Amino acid sequence: MKKLITALICGTLFGFGLAMSQMIDPDKVQGFLDIFGDWDPTLAWVMGGALLISIPGFALLLTKDEKAHIKQGVIDSKLLVGSALFGVGWGLSGYCPGPALSVAPLIITELLWFLIPLIVGMVLAGAIFGKEQD
């Protein structure tokens, strides 16, 4: 129960942070990603702030085994294809999964064009690669 409450508090804070930073606004995100056009660099501050908090947090909270697993640094086709699909989806829609789930309760119909392929992709990836995971 303690873990659920902690997860709820952290998720709520994360959602408020996404909303305050305007990461839930697809136009803002696409403006940040448009580095060859009318580039809006303000989200770099949000990402830099997130790194300042998350790097020490991960260093403090991860176990030795978890840190060793991360340091393996395996770059395989699954990682490359998944990263490319993530980037294309983020650039086209202006949403990444966290902010998209944060605004889902607002019932934005255009968000369905992002969430349905996201869910289908997750189910397909689980069906294809799920058995390969340890």
Side-chain angles (χ1 to χ4, degrees):
M1 188 66 171
K2 187 177 175 182
K3 282 186 174 182
L4 275 175
I5 292 171
T6 302
L8 178 64
I9 291 169
C10 291
T12 303
L13 284 173
F14 182 67
F16 279 122
L18 292 173
M20 286 181 63
S21 66
Q22 299 180 353
M23 290 280 292
I24 59 172
D25 180 358
D27 292 331
K28 184 83 170 173
V29 172
Q30 287 173 329
F32 174 72
L33 296 174
D34 187 13
I35 56 175
F36 298 113
D38 190 18
W39 187 47
D40 178 4
T42 55
L43 290 182
W45 290 103
V46 175
M47 294 177 189
L51 287 173
L52 286 175
I53 294 171
S54 63
I55 289 173
F58 280 116
L60 289 171
L61 297 175
L62 291 179
T63 64
K64 269 187 172 181
D65 289 340
E66 290 169 330
K67 288 179 184 175
H69 185 73
I70 290 171
K71 287 183 179 175
Q72 290 176 355
V74 177
I75 299 175
D76 57 9
S77 61
K78 290 188 300 186
L79 177 64
L80 294 174
V81 170
S83 300
L85 288 173
F86 177 87
V88 168
W90 192 29
L92 289 175
S93 69
Y95 289 110
C96 74
L101 293 176
S102 295
V103 295
L106 299 177
I107 310 173
I108 300 172
T109 53
E110 70 184 51
L111 187 60
L112 292 176
W113 292 107
F114 175 79
L115 287 177
I116 292 172
L118 172 71
I119 293 167
V120 169
M122 290 171 61
V123 170
L124 284 175
I128 295 169
F129 300 114
K131 295 176 185 173
E132 295 178 12
Q133 296 175 350
D134 44 44

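Every heavy atom of this structure was used, including side-chain atoms; hydrogens, water molecules and symmetry mates were not. All of these numbers come straight from a predicted model, not from anything done at the bench. One-based numbering along the sequence shown.
Two residues are said to be in side-chain contact when any heavy atoms from C-beta on lie closer than 4.5 Å; Leu118 and Met122 meet this criterion. Here the side chains of Leu4 and Leu8 are not in contact, with every heavy-atom distance at 4.5 Å or above.
Distance CD/Gln22 to CZ/Phe32: 13.5 Å, rounded to 0.5 Å. Annotation: the span from Ile119 atom CD1 to Leu124 atom CG amounts to 12.0 Å, rounded to 0.5 Å. Between atom CG of residue Leu80 and atom CG of residue Leu85 there is a gap of 11.0 Å, rounded to the nearest 0.5 Å. Considering CG of Leu79 and CD1 of Ile75, their distance stands at 6.5 Å, rounded to 0.5 Å. In this structure, the separation between CZ on Phe36 and CG on Asp34 is 9.5 Å, given to the nearest 0.5 Å.
The environment of CG in Asp76 is crowded: more than 12 heavy-atom neighbours from other residues, nucleotides or ligands sit within 6.0 Å.
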Throw together a table of side-chain donor-acceptor distances under 3.5 angstrom for residues 86-100, partners on residues two or more places apart or in other chains.
{"residue": "Ser93", "atom": "OG", "partner": "Gly89", "partner atom": "O", "Å": "2.7"}
{"residue": "Ser93", "atom": "OG", "partner": "Tyr95", "partner atom": "N", "Å": "3.0"}
{"residue": "Ser93", "atom": "OG", "partner": "Tyr95", "partner atom": "O", "Å": "3.3"}

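The same ILVMFWY cluster, assembled from side-chain heavy atoms under 4.5 Å apart, contains both Met23 and Ile35. Note on Val120 and Leu112: same hydrophobic cluster, where clusters join Ile, Leu, Val, Met, Phe, Trp and Tyr whose side-chain heavy atoms are under 4.5 Å apart, directly or indirectly.
For Asp40, the salt bridge (Lys or Arg N to Asp or Glu O under 4.0 Å) criterion is met by Lys28, not counting sequence neighbours.
Not one N or O on the side chain of Trp39 forms a donor-acceptor pair closer than 3.5 Å with the backbone of Leu33.
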